[in-house]
Amino acid sequence: MQVRVQTEPFDAGAELNAFTAATSGAGAVVSFSGIVRDVDGGLQEMEIEHYPGMTEKAIAKITEEAVTRWSLVDALVIHRHGTLHVGTPIMMVATAAPHRVDAFAAAEFLMDYLKSRAPFWKKELTASGADWVAARDEDEDALRRW
Amino acid sequence: MQVRVQTEPFDAGAELNAFTAATSGAGAVVSFSGIVRDVDGGLQEMEIEHYPGMTEKAIAKITEEAVTRWSLVDALVIHRHGTLHVGTPIMMVATAAPHRVDAFAAAEFLMDYLKSRAPFWKKELTASGADWVAARDEDEDALRRW
Amino acid sequence: MIDVMYFAWVRERIGVPSERIETSAPTVAALVDELKAREERYAAAFEDVSALRVALDQELTDFDASLEGVREVAFFPPMTGG
Amino acid sequence: MIDVMYFAWVRERIGVPSERIETSAPTVAALVDELKAREERYAAAFEDVSALRVALDQELTDFDASLEGVREVAFFPPMTGG
């Protein structure tokens, strides 16, 4: 199990390969990457604030729960903070399991919990100013299925 | 949309990065990779037979359906056939969408349909002989949720 | 004349990957009965058709499907890709 | 004495990322009331606590939680990571 909270960009493909190589016995590997997306064509950059200390603890706890619940061979979470440019990765999760159903469920669980329970806050900088991204009700609702 | 049926190994990480780079506008990218797994410690290699012609058509049809149904920005399917060694990738799917829920659902749908509706047959070679892998009821059942 | 293809253990039991067959069978099921009556290896391969799948011109279908206009029939076990 | 931290727009409204506060408030809600009574910027930040989250010693909790033995309180809007 690996959890990394960092300002540096990362190479999702290289991380996926390293993760897969280290998980012998896993027939199924699922990855999710979140990319800074310019929805309305005006995004200049994204700022992510976090709560040092709590962030790592919260992610580790969520990841341990996923590993136990779906008998994962391994799990990886990388989440950036600081200033992020359009088109670059914000974060990724990867899960490895004997069967695909478990790898998928665990990755979705991790994403749902990271979205709403890990202390990160996104701010979008556009030509017209800076705005904190509002939490979406769907994200809070998504937790109920687990 | 990209569908590749090939004997050659592929680099899942490099494919993921190329796919992600080509899908501007997608905030969420999900990948699944299936790896040749040595469950009982005796697997020497895996042989995958397929139905040339039908394979490509069946995968393209499934992939088009996923792209339409979940409004994907893009989708990728790579599936190998021939002789595969333990620890190497069998296949991968990747999906890109504005939101994670769609990227996850489409990837799972693709996997469920590829498992049971694309004409591939796995044979496992062990010290004691060669055995065709039996289809699992769970895989057929998994189709019902879509 | 129709092209008949076999995959995986169906191919192994019948002994050839494909063959061209002269038939006037109206449906897949009728073709299967014709083949089973021919030789033991076909009878062995088609012993339990509930364990088999069939595609007509590369589209999955059922054993009661019509063969009218069909150029290519394929028999195989349930797929195990992915 | 308790360390109080603020994040995202709560931090911006209050104007500092953290401060050490002398308080005998028994619960989070009581602490919020104390702060709101202090200055307008706190009143603005805590205007609608239903839009806020609180963590005690880095664990998410509720506004009616006790502050007994707590060293660090953090207030912030709903998280938007991932």
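Proteins get letters first, then strands, A, B, ... in listed order; numbering begins at 1 in each.
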Highest number of heavy-atom pairs under 4.5 Å with chain D among A/K122, A/M91, A/E140 belongs to A/K122
Honestly, the part of D/A51 sitting under 4.5 Å from a heavy atom of chain A is neither
Hey, is CD on D/E68 packed in by over 12 heavy atoms from elsewhere, all under 6.0 Å? no
Within a strict 4.5 Å, meaning less than it, do heavy atoms of the D/E12 and A/K123 side chains meet?
yes
Heavy atoms from other residues, nucleotides or ligands near CZ of A/R69 exceed 12 (cutoff 6.0 Å):
yes
To the nearest 0.5 Å, atom OH of A/Y51 lies from atom CZ of D/F76 at 7.0 Å
Honestly, the part of A/A134 sitting under 4.5 Å from a heavy atom of chain D is backbone
> So does D/E19 have more than 12 non-hydrogen atoms from other groups sitting under 6.0 Å from CD?
Replying inline: yes
Of the listed A/K57, A/R136, A/H79, A/K115, the one with the largest count of heavy-atom pairs under 4.5 Å with chain D is A/K115
#### Entry: Beyond-backbone contact of A/H50 with D/M79, side-chain heavy atoms, under 4.5 angstrom
no
Electrostatic pair D/R11-A/E49, nearest N-O below 4.0 angstrom: yes
Side chain to side chain contact (heavy atoms under 4.5 Å, CB included) between D/Q58 and A/E56: does it pass, once the steps are laid out? CA-CA 10 Å; D/Q58 308 190 349; A/E56 293 78 0; over 6 Å; no
Item checked: A/R145, CZ: over 12 other non-hydrogen atoms inside 6.0 angstrom -> yes
Highest number of heavy-atom pairs under 4.5 Å with chain A among D/P78, D/G81, D/P77, D/A74 belongs to D/G81
Bottom line for A/I90: the part with an atom under 4.5 Å from chain D's heavy atoms is side chain
Decide yes or no for A/R117 and D/L60: does some side-chain heavy atom of the first lie under 4.5 Å from some side-chain heavy atom of the second? yes
d(D/T80 OG1, A/I48 CD1) to nearest 0.5 Å is 8.0 Å
